Protein chains: 2
Amino acid sequence: MNLKAERGAATRDRVLAIATRLFAERGYDDTSIEAVLQESGLSRGALYHHYAGKDALFEAVLEATESAVGGKLLEAVRGISDPVAALRAGVLAWISLAGDPVIKRIVLIDAPSVMGWERWRAMEERYSFGMLKGALEATGAVPAEFLDLHAHMLLAAVNESALLVARGGDHDTAVAAVEEFLRRVLTAAPESEP
Amino acid sequence: MNLKAERGAATRDRVLAIATRLFAERGYDDTSIEAVLQESGLSRGALYHHYAGKDALFEAVLEATESAVGGKLLEAVRGISDPVAALRAGVLAWISLAGDPVIKRIVLIDAPSVMGWERWRAMEERYSFGMLKGALEATGAVPAEFLDLHAHMLLAAVNESALLVARGGDHDTAVAAVEEFLRRVLTAAPESEP
DNA sequence: TCGTTTACAGACCGACTGTCGGTCTATGAA
DNA sequence: TTCATAGACCGACAGTCGGTCTGTAAACGA
């Protein structure tokens, strides 16, 4: 079980790369399985042998993309010991990464609607969200009972600014705004209500 | 030009109501025009006479939904003069509204992918985002150069917690977390960098 | 050597979206 | 009252697409 397994894996990788490009360029709906077949030179039967369907193919693409992003983020924060500095570095790295149309379109725009919000969220949990939550916890700046929700909100806020940058907003302004936003979220506000 | 125009408008409304329900229940992809035709008793030709296509139908549904939400939000903040209190009231009302599956699925999940992020954003600008940005500006708590970006981030954060509540998270905890988050975002953080 | 497993091929099916020629009726001017 | 027009509505049809099914060849394990 060697030559065959290798050939299968190679085929899967080839299809995955092509599908990633097409999904990113045209979006999920406007990417036909037909196009993937044509570009890969594969037959219908072969593709459906490796991937259960279009959804499954998309999910595999998403998983691979998230995994790659996770690796790059870990690299970005490597060696930074101060939790706040690490959090900031990770967030800024993520904003730059999300400028990549592949990530923008696949991870941030199509994924929730294609996979369903629940499953998308579950996958995010294992990658970017998980990392951000851990980093946020390490700073100790957020009360434990709000940690999960604040991590969600912060990630959503950062994703949003990443999308704005990707759309053509000014990168430096966005970075400054995000840094200020982050500072505020990490700073306990004075109680004001009676 | 009265009876005919009225009949046309009535038909459009009927189709819109049915499409809204189906899109919310099954999502955009899994809702067939066929189903809309069947439930409305209309013919293909008639539907395509009123709406240019499935996308256009979805867009009309989204527009109507956003408009309705906008009205409810205005109602929620009516009579509140303190800007911060108004902002909080609006945000909390929005979280409750987003518990509605119609809003959750159509506005928050499917819209960006179906209409394209750019056009979705442009529409949000005219409704929820526009209101939030105005409210945020009124508080005077955010520097002008960050107003737009912080409004985006704040809305994304609030949307996220609304989705979490809709998924089954605890409403009260989420509200408390959002209030704390909002307090922090409205509080200027001390400068710390050299 | 021989049965089994696996990668791959491609014809085929059903469902769906969108188009197109045509019908019918309300409307408003002659 | 008559009649031409515009707009609501109809339904057959074409084209596309996702997914299934049967078949083939080659690698694998015994």
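Residue numbering restarts at 1 for every chain, and letters A, B, ... go by the order of the sequence lines. Everything numeric here is computed off the predicted structure, so don't read it as measured data.
Residue-level contact check: Glu34(A) touches the backbone only, with heavy atoms under 4.0 Å from sugar-phosphate atoms and none from bases.
In this structure a side-chain-to-backbone donor-acceptor pair under 3.5 Å is present from Trp120(B) to Val107(B). For the pair Asp110(A) (side chain) and Ser113(B) (backbone), a donor-acceptor distance under 3.5 Å is absent.
At a threshold of 4.0 Å, the pair Arg183(A)-Glu179(A) does not count as salt-bridged, since none of the basic side-chain nitrogens sits closer than that to a carboxylate oxygen. The existence of a salt bridge linking Glu137(A) and Lys133(A) is excluded, since no basic side-chain nitrogen approaches an acidic carboxylate oxygen closer than 4.0 Å. A salt bridge links Lys104(A) to Glu118(B): at least one charged side-chain nitrogen sits closer than 4.0 Å to a carboxylate oxygen.
Counting to the nearest Å, the P atom of dT16(D) and the NZ atom of Lys54(A) are 15 Å from each other. Taking atom CD of Gln38(A) as the reference point, atom C1' of dG10(C) lies 15 Å away to the nearest angstrom. Between the CD atom of Glu6(A) and the P atom of dC28(D) there is a distance of 9 Å, rounded to whole Å. Across the protein-nucleic acid pair, Leu47(A) atom CG and dT20(D) atom P stand 12 Å apart, rounded to whole Å. In this structure, Tyr51(B) atom OH and dA8(D) atom P are separated by 12 Å, rounded to whole Å. Between the OH atom of Tyr48(B) and the P atom of dA14(D) there is a distance of 17 Å, given to the nearest Å. Across the protein-nucleic acid pair, Phe58(A) atom CZ and dG19(D) atom P stand 14 Å apart, rounded to whole Å.
DNA chain C is contacted by Thr31(B), Ser32(B), Ile33(B) of residues 16-33 of chain B, taking any non-hydrogen atom closer than 4.0 Å.
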Distances under 3.5 Å between nitrogen or oxygen atoms of protein and nucleotides 9-12 of chain D:
| residue | atom | partner | partner atom | Å |
| --- | --- | --- | --- | --- |
| dC9(D) | OP1 | Thr11(B) | OG1 | 2.9 |
| dC9(D) | OP2 | Thr11(B) | OG1 | 3.3 |
| dC9(D) | OP2 | His50(B) | NE2 | 2.8 |
| dC10(D) | OP2 | Ser43(B) | N | 2.9 |
| dC10(D) | OP2 | Ser43(B) | OG | 3.0 |
| dG11(D) | O6 | Gly45(B) | N | 3.0 |

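Under 3.5 Å, the side chains of Glu59(B) and Tyr51(B) contain no donor-acceptor pair of N or O atoms.
Using a 30° and 60° split on the angle between ring planes, Phe146(B) and His150(B) fall in the parallel class, below 30°. Between Phe129(A) and His152(A), the angle of the ring planes stays under 30°, which puts this pair in the parallel group of the 30/60° scheme.
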Would you be so kind as to tabulate the donor-acceptor pairs closer than 3.5 Å made by side chains of residues 71-79 of chain A, with sequence neighbours excluded?
none

